[in-house]
Structure formats: C-alpha cells, structure tokens
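This report refers to the structure that appears directly beneath it.
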Amino acid sequence: MLRQVLTWAAATLIGAILGVASAWAALEFGRAGFTEKFGAWTHSSAAGAADAGPYTRAIVARDGLLALSAREALYFTLSEDENGRPLDESCIYELSGPPLAARWWSVTLYARDNFLVQNNDHAGSIDASRLGLSTAWSVRIAPVRGNTPHWLSSRSAGRDFSLTLRVYNPQREFRLSAESLPTLTTVSCSESS
Amino acid sequence: MTGWGKYVVGALIVAIVAHIVAIHAAPRLRMNIAIERLSADGFNRWTFAERVTPASRQIVRPSPDFAYSACAYDLSEGPVILAAAPWDSYWSLSLYAANSDNFFVVDDREAHYGAEITLVQRGRPHPEGASQVVESPSQRGVALIRRLAPSPETYSAAANVAREDVCASVAGLAG
C-alpha cells in the first residue's frame with residue numbers, strides 16, 4: 001500500500017515537472033516564431049500583440065509586457081556589425097538611414113545588460129526631432145563625440161552592446177524590409193578589438 | 001491497466017494539466033507583479049514615473065523618450081473614470097487586462113483634445129450619460145499614458161500636463 005502511494009506521488013511529481021518544463025520550452029522556442037530578420041535588424045512582432053491564443057499571450061507577456069501594439073510602434077534590434085561581429089566599444093560605427101515613413105522614430109543604445117550605458121554623456125538615444133523625418137540621416141556611434149554633429153555614445157558600453165530602433169505610428173508606406181531600415185557600417189576599430 | 005502503465009499514464013495526464021496551467025498562469029503572474037508594483041500607493045490613481053536615465057534599472061531596455069504615467073485600476077467598487085490631458089506631441093492611453101492583453105488604445109490622432117473614458121467591468125451595467133464606455137475583461141488591470149518627451153525640458157512639461165490626468169472610481173468621485 002505504502003509503495004503504491006509513493007509510486008503515485010513520484011508519478012505526479014514527474015508529471016508536474018514535465019508539464020512545467022515543456023511549457024517553458026514551448027515559450028522559449030516559440031519566441032522564434034515572432035522574430036523576423038531584416039538585414040542585420042531583428043524585429044519582434046510579439047510586443048503588444050493582443051487578444052491572442054494562450055501561447056502567444058504567454059510569449060508577449062514575457063517579451064513585451066505593457067508594450068505598444070504594432071499599430072502604435074514597431075521595435076527593431078541590432079546587435080551585430082555588417083560582418084556579423086558583436087558591437088564593440090573599441091570600434092567606431094556609422095549608422096545611416098533613409099527617411100522613415102513614420103510619425104517619429106528613435107535609436108537607443110543599450111549595454112550588454114539591456115540597460116542604458118552607465119556614462120554621463122547624455123547621448124544614449126537620438127531621435128527624429130534632431131535628425132528630421134524627411135531626409136536621409138547619419139549618426140556616429142563612438143566612445144567620444146569628435147566633430148560629428150549627431151552622436152550616440154558607446155563609452156563604457158564594452159562589448160556586445162546593441163541598438164533598438166523604435167518607429168512610432170508607422171505609415172502605410174513603411175515597408176518591413178532591410179532597404180527601409182538604417183544601415184550600420186564599421187568606420188574603424190582600435191588595436192585592442 | 002497493470003504494472004507501470006497506470007503510473008506512466010497518470011504522469012502524462014498530470015504533465016498535460018501542468019503544461020496548460022503554466023501557459024495560462026504565466027502572463028497573469030507577470031501582470032500581477034506589475035499591478036502590485038504600480039498599486040503600491042493604492043489603486044485608481046496615476047503615478048508619474050521618473051525620467052529614464054542610466055540609473056534606471058527597473059525595466060529592461062527602457063525608452064528614455066517617453067514620460068510615463070501608470071494607473072493600476074480596480075473595478076470592484078464600480079466604474080473608473082480615466083482621463084488623459086492633451087499633449088502637443090505623440091501621446092497614447094493604453095489599457096491592459098489582468099491576463100496582459102492590450103484591450104484598448106487611443107492616441108492623439110484620434111483624440112486630439114485628450115481622452116476621457118469610463119471603464120466598466122465586462123458584463124456590468126454601463127453608467128447613464130457616460131460619454132465613452134470601455135469594457136475591461138478583468139476586474140483589475142493597468143492603464144498607461146505615454147507622452148513623447150525626449151528632452152529634460154519636454155519631460156518637465158509632460159510632468160505638468162500629467163497633473164491634469166484623472167484615474168478615479170466613479171463611486172469615489174460621487175462621494
């Protein structure tokens with residue numbers, strides 16, 4: 001009798017562990033279904049999706065809790081240079097973009113820990129209010145400003161930093177394609193890289 | 001069923017139930033944590049968030065471009081009035097249910113002069129004379145106002161405008 005009770009308890013425990021582990025795996029691998037690549041940029045359509053099935057909802061809650069819906073904003077992330085190397089503070093990059101068919105946009109630089117970089121340069125984000133909506137634009141990404149008019153500071157960002165492009169109220173003309181998104185070019189890297 | 005078969009079948013049934021429960025519970029748990037944090041000073045009131053800086057470590061990949069106001073709402077005592085004062089750049093009011101669904105959003109393109117809605121729990125009677133009634137699928141949830149404010153100056157201006165926002169129980173207002 002005792003043996004039977006213990007065996008049922010073990011079966012229940014194993015079942016519960018299997019159930020929770022398979023749920024975790026479903027969400028982990030299910031994320032890929034919400035991710036698209038456009039050139040070097042990764043776009044997640046999970047952010048802000050609503051009224052979806054239970055798996056979609058669970059993935060959205062993990063990756064985009066309280067995020068805006070796609071009608072309000074589109075989010076793109078870039079974490080590699082044009083040669084597939086991780087972004088590095090010891091390199092200088094140029095990010096150039098065409099006019100973006102949207103009401104407003106911004107590019108923000110995040111350190112490896114997914115927070116704003118710990119420096120006091122006040123140059124962690126740049127947006128359409130400074131670069132305009134109707135013309136092509138270019139931003140220097142470097143640890144020091146130099147003589148560039150538009151600068152994103154990578155000072156103290158170390159290796160593996162990333163950029164997020166937010167496009168607000170995208171217009172109908174805005175196409176989800178590599179051509180409609182900014183391009184990153186490596187200008188130079190110091191010897192230590 | 002004899003031998004180990006019944007235990008294997010039992011474990012599989014438990015696994016399926018645990019899987020379904022975990023998938024359904026995950027978004028609710030995350031929202032509960034968010035609601036708990038945002039209601040630290042009480043439900044049905046706006047909290048204006050500090051400007052995002054490199055010192056901000058609460059939410060990963062925070063956007064430094066916005067001034068955020070959040071209200072954890074509770075409809076247990078009846079409808080709640082939500083009002084967002086107009087802002088001269090992009091702003092939006094978004095509502096999130098307890099299961100994390102973004103069930104309502106309005107922005108300045110639709111509500112140029114600000115928004116005022118009466119939030120009612122789904123299935124409950126609508127108050128008479130209310131202009132725009134929105135039904136919440138859950139008793140509790142989160143309202144978020146985002147105002148585009150990419151500079152310290154615009155952020156200060158947004159903080160002043162946010163004082164005009166309303167998140168209040170109709171019962172409380174009547175009392």
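Protein chains get the first letters and strands the later ones, always in sequence-line order, with residue 1 at the start of each.
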Check each atom of [X] against the heavy atoms of chain B and say whether the ones under 4.5 Å are side chain, backbone, both or neither.
X	result
S22(A)	both
S162(A)	both
A10(A)	neither
N120(A)	neither

Shared hydrophobic cluster for [X] and [Y] (ILVMFWY, side-chain gaps under 4.5 Å):
X	Y	value
L133(A)	V139(A)	yes
L163(A)	V117(A)	yes
L93(B)	V105(B)	no
Y110(A)	I126(A)	no
V142(B)	L119(B)	no

**Report entry** Check: T12(A) main-chain N/O paired with Y7(B) side-chain donor or acceptor under 3.5 Å
**Finding:**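 Flag not set: sc Y7(B) to bb T12(A) has no pair under 3.5 Å.
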Report task. Give, for atom CZ of R166(A) and atom OG of S63(B), the distance between the pair rounded to the nearest 0.5 Å. Result ->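 Going from the CZ atom of R166(A) to the OG atom of S63(B) covers 4.0 Å.
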**Report entry** Straight-line distance of R57(A) CZ to R28(B) CZ, nearest 0.5 Å
**Finding:**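 Those atoms lie 6.0 Å apart.
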Report yes if some heavy atom in the side chain of [X] is under 4.5 Å from a heavy atom in the side chain of [Y]; otherwise report no.
X	Y	value
R109(B)	R103(A)	yes
V14(B)	I14(A)	no
T53(B)	L116(A)	no
S89(B)	W104(A)	no
M31(B)	L66(A)	yes
P150(B)	S125(A)	no

With a sphere of 6.0 Å drawn around [atom1] of [X], does it hold more than 12 non-hydrogen atoms of other residues, nucleotides or ligands?
X	atom1	result
R51(B)	CZ	yes
R130(A)	CZ	yes
E50(B)	CD	no
E36(B)	CD	no

**Report entry** Top contributor to chain B contacts, counting heavy-atom pairs under 4.5 Å, from L18(A), L13(A), I17(A), L65(A)
**Finding:**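 The answer is L65(A).
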Query raised in the report: Does a side-chain N-to-carboxylate-O contact under 4.0 Å join D113(A) and R61(B)?
Result: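 Looking at R61(B) together with D113(A), the answer is no, because their closest N to O distance does not fall below 4.0 Å.
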Requested in this report: Against chain A, work out which of L144(B), L148(B), V21(B) has the most heavy-atom pairs shorter than 4.5 Å and name it.
Outcome: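 Heavy-atom pairs under 4.5 Å are most numerous for L148(B).
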Query raised in the report: Is chain A contacted by the side chain of P64(B), its backbone, both, or neither, given a heavy-atom distance below 4.5 Å?
Result: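 For P64(B), the side chain is the part near chain A, not the backbone.
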**Report entry** Y68(B) versus chain A, the contacting section by heavy-atom distance below 4.5 Å
**Finding:**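 Neither part; nothing is under 4.5 Å.
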Report task. Grab the two heavy atoms, one from L68(A) and one from Y96(B), that are nearest each other, plus how far apart they are. Result ->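 Residues L68(A) and Y96(B), closest heavy atoms: N-OH, 4.2 Å.
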Query raised in the report: Parallel, tilted or perpendicular for Y168(A) and Y90(B), by the 30°/60° rule?
Result: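 Correct class here is tilted.
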Requested in this report: Could you tell me how the ring of H19(B) sits relative to the ring of Y55(A): parallel (under 30°), tilted (30 to 60°) or perpendicular (over 60°)?
Outcome: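 Because their plane-to-plane angle lies in the 30° to 60° range, the rings of H19(B) and Y55(A) count as tilted.
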